[in-house]
Structures are given as structure tokens and as C-alpha cells.
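Inspection log for the structure reproduced underneath, given as C-alpha cells.
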Amino acid sequence: MNIKDINFKEEVDVVLGKAKELTDTGIKKTDEVIKISRLKLQCIKLDSRIKEKYTKLGKNVYNMVKQDTADSDVIASAVVEIEQLYKQMAALRKRIEEMKRIITCPVCGTKNKFNSEYCTQCAHRLVVTDVAPDGYGYDDDDEMPF
């Protein structure tokens with residue numbers, strides 16, 4: 001084996017190593033996109049359930065008015081159910097933001113890059129950290145119960 005063969009082999013190894021790195025990065029990004037898409041689909045399903053609850057609440061109120069009756073327990077129960085669904089939606093959206101490495105300004109609600117020190121809209125100082133928040137990422141075992 002001569003020097004040219006050894007140099008060529010080393011260059012091929014370097015190229016193959018870089019190709020593997022790129023492939024691994026592509027696979028990781030694709031996995032993240034799929035997981036975020038799953039969470040967005042859960043948001044869509046949850047939004048549909050919220051609309052169904054509003055429709056049911058509206059029908060119940062309509063029937064109460066039409067029959068000149070009132071059942072505050074039915075209304076209160078529906079409101080509690082809707083509020084629970086909104087909390088689940090907020091948790092999903094927060095998780096998506098974490099996965100996208102976005103931080104929401106607590107003052108104006110503007111979405112900022114995760115490592116931003118100040119809000120791009122109102123200049124409020126944001127909580128800055130160099131590490132991803134707890135629960136960053138998505139596990140199939142952690143799906144929301146709905």
C-alpha cells in the first residue's frame with residue numbers, strides 16, 4: 001500500500017463520517033417534525049371537541065329559554081368541561097412551543113426565539129436559559145388523555 005492509497009482511504013473515511021452526521025441530523029429533524037405534527041393534530045381534535053361542547057351548551061341554553069326553565073347545574077357542568085379542554089389545549093401549545101424552542105412573552109404574548117433576552121415586541125426581559133426546559137421533546141408514552 002502506498003501513501004496515495006492511505007490518503008485516499010482517510011479522505012473517504014472523512015467524507016463517510018460527514019455523510020453519516022448529515023443523515024443523523026436529517027433523521028433527528030424529521031422525527032421532531034413528525035412529533036410536532038402529532039401534537040398539532042391533537043390540538044385540532046381538541047379544538048373540535050371544544051366546539052362540540054359549545055354547541056351542546058348552546059342547545060341546552062336554547063331549550064331552557066324555550067321551555068322557560070333554568071338548570072344552572074347543566075350550564076356550570078358544561079363550563080367546567082370546556083375550561084378543562086382549554087387547559088389541555090394550553091398544555092399542548094406550550095409543549096409545541098418548547099419543541100420549537102419558542103418562548104412566549106408573559107406581557108404581550110409575542111412568540112420569541114428561545115434564547116432571546118428581551119421580547120421583540122414590548123422589550124420585556126424574558127427568562128433566559130442556555131438549556132432546554134424540563135420536558136423538552138416528546139415521548140409517545142406522554143400522549144394527552146383525550
Side-chain angles (χ1 to χ4, degrees), residues 7-146:
N7 287 341
F8 179 72
K9 185 177 186 279
E10 288 174 359
E11 289 177 21
V12 168
D13 288 343
V14 168
V15 169
L16 289 175
K18 290 191 186 247
K20 184 182 180 325
E21 274 182 48
L22 289 172
T23 302
D24 291 345
T25 300
I27 290 170
K28 182 180 175 188
K29 288 292 182 187
T30 301
D31 187 50
E32 288 174 7
V33 168
I34 289 170
K35 290 173 181 177
I36 289 171
S37 296
R38 285 180 184 168
L39 290 173
K40 286 182 177 180
L41 180 60
Q42 286 181 335
C43 283
I44 290 168
K45 289 178 181 178
L46 194 54
D47 187 57
S48 177
R49 288 188 57 205
I50 290 170
K51 288 177 183 175
E52 288 172 7
K53 295 291 182 183
Y54 273 123
T55 300
K56 184 178 176 184
L57 174 61
K59 286 179 182 179
N60 285 336
V61 170
Y62 173 81
N63 287 331
M64 287 179 205
V65 170
K66 189 174 174 183
Q67 296 169 4
D68 196 25
T69 61
D71 190 351
S72 60
D73 291 340
V74 170
I75 294 171
S77 173
V79 169
V80 167
E81 288 177 15
I82 292 169
E83 286 300 312
Q84 288 173 344
L85 293 173
Y86 274 124
K87 286 179 183 175
Q88 291 175 1
M89 180 73 82
L92 284 174
R93 288 184 175 150
K94 182 174 177 13
R95 196 129 176 229
I96 290 169
E97 287 180 1
E98 288 172 352
M99 291 183 74
K100 287 183 168 184
R101 299 190 55 82
I102 295 172
I103 187 167
T104 302
C105 176
V107 174
C108 69
T110 298
K111 309 291 184 202
N112 296 276
K113 290 182 181 177
F114 186 73
N115 59 354
S116 297
E117 194 167 339
Y118 295 94
C119 176
T120 57
Q121 181 68 31
C122 71
H124 177 76
R125 186 174 177 97
L126 301 170
V127 175
V128 179
T129 180
D130 292 335
V131 295
D134 289 341
Y136 177 74
Y138 172 88
D139 296 323
D140 289 330
D141 299 335
D142 291 346
E143 290 203 22
M144 299 298 276
F146 40 85

Under 3.5 Å, side-chain donor or acceptor atoms of residues 57-66 against the rest of the protein: list the pairs with distances, not counting sequence neighbours.
unit_1: Asn60; atom_1: ND2; unit_2: Lys56; atom_2: O; d: 3.4
unit_1: Asn63; atom_1: ND2; unit_2: Lys59; atom_2: O; d: 3.3

Below 3.5 Å, can you tabulate the donor-acceptor pairs from side chains in residues 16-31 to any protein atom, sequence neighbours excluded?
unit_1: Lys20; atom_1: NZ; unit_2: Asp24; atom_2: OD2; d: 2.9
unit_1: Thr23; atom_1: OG1; unit_2: Ala19; atom_2: O; d: 2.8
unit_1: Thr25; atom_1: OG1; unit_2: Glu21; atom_2: O; d: 2.9
unit_1: Thr30; atom_1: OG1; unit_2: Gly26; atom_2: O; d: 2.8
unit_1: Asp31; atom_1: OD2; unit_2: Lys35; atom_2: NZ; d: 2.7

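Atom CG in Leu92 sits 11.5 Å away from atom NZ in Lys45 (nearest 0.5 Å). Rounding to the nearest 0.5 angstrom, the gap separating the CG atom in Asn112 from the CD1 atom in Ile103 is 7.5 Å. With rounding to the nearest 0.5 Å, the separation of CZ in Arg125 from SG in Cys105 is 13.0 Å. Atom CD1 of Ile102 sits about 12.0 Å away from atom OG1 of Thr110, to the nearest 0.5 Å. If you take OG1 on Thr104 and NZ on Lys94, they are separated by 8.5 Å, rounding to the nearest 0.5 Å.
Residue pairs meeting the side-chain hydrogen bond (donor to acceptor under 3.5 Å, both in side chains) criterion with at least one member in residues 68-84, sequence neighbours excluded, are Lys53-Glu81.
Counting heavy atoms from C-beta on, the side chains of Cys108 and His124 never come closer than 4.5 Å.
Lys113 pairs by the salt bridge (Lys or Arg N to Asp or Glu O under 4.0 Å) definition with nothing, not counting sequence neighbours. Under the side-chain contact (heavy atoms from CB on, under 4.5 Å) criterion, Lys40 pairs with Ile36, Ile96, Lys100, sequence neighbours left out. With sequence neighbours left out, the salt bridge (Lys or Arg N to Asp or Glu O under 4.0 Å) criterion links Lys111 to Glu97.
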For Arg93 and Met89, what are the C-alpha separation, side-chain angles and deciding distance, and is it a side-chain contact (heavy atoms from CB on, under 4.5 Å)?
CA-CA 6 Å; Arg93 288 184 175 150; Met89 180 73 82; 3.7 Å; yes
